[in-house]
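Throughout, residue positions are numbered sequentially from 1 according to the sequence presented.
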Amino acid sequence: MAVPAIQVEGLTHRYGDRAAVDSVSFAVEAGEIFGLLGPNGSGKTTLFRILSTLIAPAVGSVRVFGADLLTDPESARRSFGVVFQRPSVDAKLSVLENLRHHGRLYGLGGNALGTRCAEMLERFGLSDRAADRVETLSGGLQRRVELAKGLLHRPRLLLLDEPSTGLDPAARREFGRHLIDLRDRDGVTIVLTTHYMEEAERCDRVGIMSEGRLVRVDTPLALVESVGGDVVVVHAEDVAALDRRIRDQFQLEPVAVDGTLRIERVRGHELVRDIVEAFPGEVKSITFGKPTLEDAFIHVTGRRLWESAEAAQA
């Protein structure tokens with residue numbers, strides 16, 4: 001059997017009395033894009049910091065291509081590159097100077113370093129900006145420099161923490177295409193944290209994080225299909241009262257989300273008709289549609305992504 005790129009077992013890490021990561025276990029296969037989806041406060045950033053060896057877990061184990069992060073961190077570090085949420089390039093240096101300084105940290109020098117830098121500049125369309133200071137580049141180009149730097153030593157694994165934060169939609173899509181190319185062309189395994197649904201949808205598998213726990217891992221399609229039918233959303237004057245009445249009359253179990261009632265039901269258009277006919281004076285508006293990854297997140301956690309973030313910060 002092939003050794004997983006990452007094997008996490010029973011991982012727990014606390015800040016005081018709060019478990020930021022609580023009994024998390026999962027595996028990432030070599031050559032896949034794996035996304036950790038969750039709001040701020042869900043534990044994904046702490047998990048990322050453990051994977052990148054910035055902090056040691058209190059309980060549990062992590063192996064990167066078989067190397068134990070606790071007992072053999074150097075072997076693990078040699079196999080991965082890291083792109084942090086906050087920029088780690090020096091804005092006052094040129095693109096090429098950033099790459100050269102980073103390469104020397106990994107023991108590269110001479111012709112080998114020059115060749116690697118040229119490869120990365122060409123790969124990410126930066127050759128004509130090599131002499132430009134990073135501070136003069138757009139956000140999307142700066143993210144390309146981060147990628148080039150993280151891949152300069154040819155790692156088998158790339159770890160990215162909220163890589164699209166601060167990018168406009170077009171730059172996020174372009175960045176996503178670079179990640180897919182890395183997987184398909186170079187066989188690089190990619191693990192990223194994100195709170196963007198469209199970024200999670202491009203992953204081969206997604207792990208949903210909520211309150212420090214990994215509550216579900218599956219492909220984006222399987223997560224969406226787990227919703228089980230259409231998603232009917234009801235806006236009402238008195239949500240609590242209508243909730244009780246729908247339960248009594250239709251033997252359904254609506255979920256209150258963001259001041260609405262959310263119901264998963266096959267042939268949702270028929271339920272729309274039935275609810276409007278049964279409670280014409282209580283329904284302000286009602287919609288239905290096919291489930292999305294956001295619906296899958298609500299199905300698993302009972303909250304919208306942004307609502308989970310507010311709860312975590314409360």
Looking at CZ of Arg123 and CG of Leu152, how far apart are the two atoms once the value is rounded to the nearest 0.5 Å?
13.0 Å
Less than 4.0 Å between a side-chain N and a carboxylate O, is that true for Asp230 and Arg265?
no
Side-chain heavy atoms under 4.5 angstrom apart, residues restricted to Ile, Leu, Val, Met, Phe, Trp, Tyr: same cluster for Val28 and Val206?
no
For Pro254, the option from Val239, Ile246, Leu242, Val234 that meets side-chain contact (heavy atoms from CB on, under 4.5 Å):
Ile246
Report the C-alpha separation of Glu135 and Lys92 in whole Å, then their side-chain angles, then the decisive distance to 0.1 Å, and conclude whether the salt bridge (Lys or Arg N to Asp or Glu O under 4.0 Å) test is met.
CA-CA 6 Å; Glu135 65 184 0; Lys92 296 299 182 182; 3.0 Å; yes
Please round to the nearest 0.5 Å and tell me the distance separating atom CD1 of Ile33 and atom CD1 of Ile190.
4.5 Å
Transitive ILVMFWY side-chain link Leu221 to Leu293, under 4.5 Å
no
Pair Lys290 + Asp295, salt bridge at N-O below 4.0 Å
no
A side-chain contact here means heavy atoms from C-beta on lying under 4.5 Å apart; do Pro291 and His299 qualify?
no
Please evaluate residues Lys149 and Ser88 with respect to the criterion side-chain hydrogen bond (donor to acceptor under 3.5 Å, both in side chains), reporting the C-alpha separation (whole Å), side-chain torsions for both, the decisive distance (0.1 Å), and the verdict.
CA-CA 9 Å; Lys149 187 166 72 76; Ser88 61; 3.1 Å; yes
With the threshold set at 4.0 Å, does a side-chain nitrogen-carboxylate oxygen contact exist between Arg49 and Asp161?
no
Would Arg205 and Glu29 pass as an ion pair if we require N to O under 4.0 Å?
no
Transitive ILVMFWY side-chain link Leu157 to Val188, under 4.5 Å:
no
I'd like to know if the side chain of Thr189 pairs up with that of Arg156 as donor and acceptor (distance under 3.5 Å, no hydrogens or angles considered).
no
At what distance, to the nearest 0.5 angstrom, does CG of Leu108 lie from NE2 of His153?
9.0 Å
Using the six-membered ring wherever Trp is involved, compare the ring planes of Tyr15 and His13 and label them parallel, tilted or perpendicular (cut-offs 30° and 60°).
perpendicular
Got a salt bridge between Asp238 and Arg244, using NZ or NE/NH1/NH2 to carboxylate O under 4.0 Å?
no
As a test of understanding, state which of Val64, Thr53, Val82 forms a side-chain contact (heavy atoms from CB on, under 4.5 Å) with Arg77.
Thr53
Residue pair Leu192 / Cys203, side-chain heavy-atom distance below 4.5 Å
yes
Hey, what do you get for CG (Leu252) to CG (Asp243), rounding to the nearest 0.5 Å?
10.5 Å
Glu211/Arg213 ion pair, N-O < 4.0 Å
no
Validation row, ring centre Phe34 to ring centre Phe26 under 6.0 Å
yes
From Arg202 CZ over to Phe175 CZ, what is the distance, rounded to the nearest 0.5 angstrom?
9.5 Å
Note: Arg172-Glu198 ion pair, threshold 4.0 Å (strictly below):
yes
Quick one, Leu47 and Leu11 - any side-chain contact, counting heavy atoms below 4.5 Å?
yes
Going by the side-chain contact (heavy atoms from CB on, under 4.5 Å) test, name the single residue among His102, Glu97, Arg104 that passes it with Arg100.
Arg104
When you check the gap from the basic side-chain N to the acidic O, do Asp248 and Arg245 get nearer than 4.0 Å?
no
Heavy-atom count around Asn111 CG within 6.0 Å, excluding the residue itself: above 12?
no
Any ion pair linking Glu270 and Arg267 (charged N to carboxylate O, less than 4.0 Å)?
yes
Test your reading of the model: is there a side-chain donor-acceptor pair from Thr301 to the backbone of Phe297, 3.5 Å cut-off?
yes
Classify the angle between the aromatic ring planes of Phe279 and Phe250 as parallel (below 30°), tilted (30 to 60°) or perpendicular (above 60°).
perpendicular
Residues Arg262, Glu253: salt bridge by 4.0 Å N-O rule
no
Full working for side-chain contact (heavy atoms from CB on, under 4.5 Å) between His235 and Ile286
CA-CA 6 Å; His235 296 256; Ile286 186 169; over 6 Å; no
May I ask you to decide whether Glu119 forms a salt bridge with Arg154, counting only side-chain N to carboxylate O separations under 4.0 Å?
yes
Strictly below 4.0 Å, N to O, side chains only: are Asp181 and Arg177 in salt-bridge contact?
no
